[in-house]
Novice: 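Pasting a structure below so you can have a look.
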Amino acid sequence: MPDLFAAGTEGVGDDPTLIEHLKTCENCSALVRDLQYIADQARKLLEPTYEPSDNVWKKIQEGLASDNPTYAINREKH
């Protein structure tokens, strides 16, 4: 069964024997649910993350470099 998930298929595929077995075997059904959950979570780890735009970083740098007292106070706290 792990091979079904490792191959990137959605669950048990089209195998009628396996589908029928899962209807009657609670242990295997639970295992498939657990494996599906693990596979879904693993896929989420590989999803791209989104970085803030260059404009955000530019504003942060400008704020830190400025003589603005608000930024100076915040820098002293760290």
Side-chain angles (χ1 to χ4, degrees):
M1 274 195 275
D3 293 339
L4 292 170
F5 295 96
T9 60
E10 291 296 321
V12 297
D14 296 331
D15 183 345
T17 306
L18 184 55
I19 293 169
E20 193 59 36
H21 175 72
L22 293 174
K23 289 179 184 178
T24 60
C25 181
E26 184 55 38
N27 287 336
C28 289
S29 295
L31 176 60
V32 168
R33 284 191 302 274
D34 290 347
L35 289 173
Q36 185 63 55
Y37 176 78
I38 292 167
D40 291 342
Q41 296 303 308
R43 272 189 222 94
K44 288 180 182 178
L45 291 173
L46 300 175
E47 290 177 358
T49 57
Y50 298 97
E51 293 289 326
S53 71
D54 290 338
N55 192 41
V56 170
W57 294 120
K58 182 180 173 186
K59 295 274 187 195
I60 292 171
Q61 288 175 333
E62 288 172 359
L64 292 173
S66 74
D67 290 333
N68 185 329
T70 303
Y71 288 104
I73 292 169
N74 288 334
R75 283 192 299 215
E76 290 173 9
K77 289 182 182 179
H78 297 286

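Only this structure's heavy atoms are used, side chains among them; waters, hydrogens and symmetry mates stay out. Numbers here simply count residues along the sequence, with the first being 1.
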Novice: Ion pair present between Lys23 and Glu20, side-chain N to carboxylate O less than 4.0 angstrom?
Specialist: yes
Novice: Would Ile38 end up clustered with Leu31 when hydrophobic side chains under 4.5 Å apart are linked, directly or stepwise?
Specialist: no
Novice: Taking only residues two or more places apart in sequence, or in another chain, which ones meet Thr17 in a side chain to side chain contact (heavy atoms under 4.5 Å, CB included)?
Specialist: Asp15
Novice: Could you measure the distance from the CG atom of Leu45 to the CG atom of Asp40? Nearest 0.5 Å is fine.
Specialist: 11.5 Å
Novice: Can you tell me if CG on Asp54 sees more than 12 non-hydrogen neighbours from other groups inside 6.0 Å?
Specialist: no
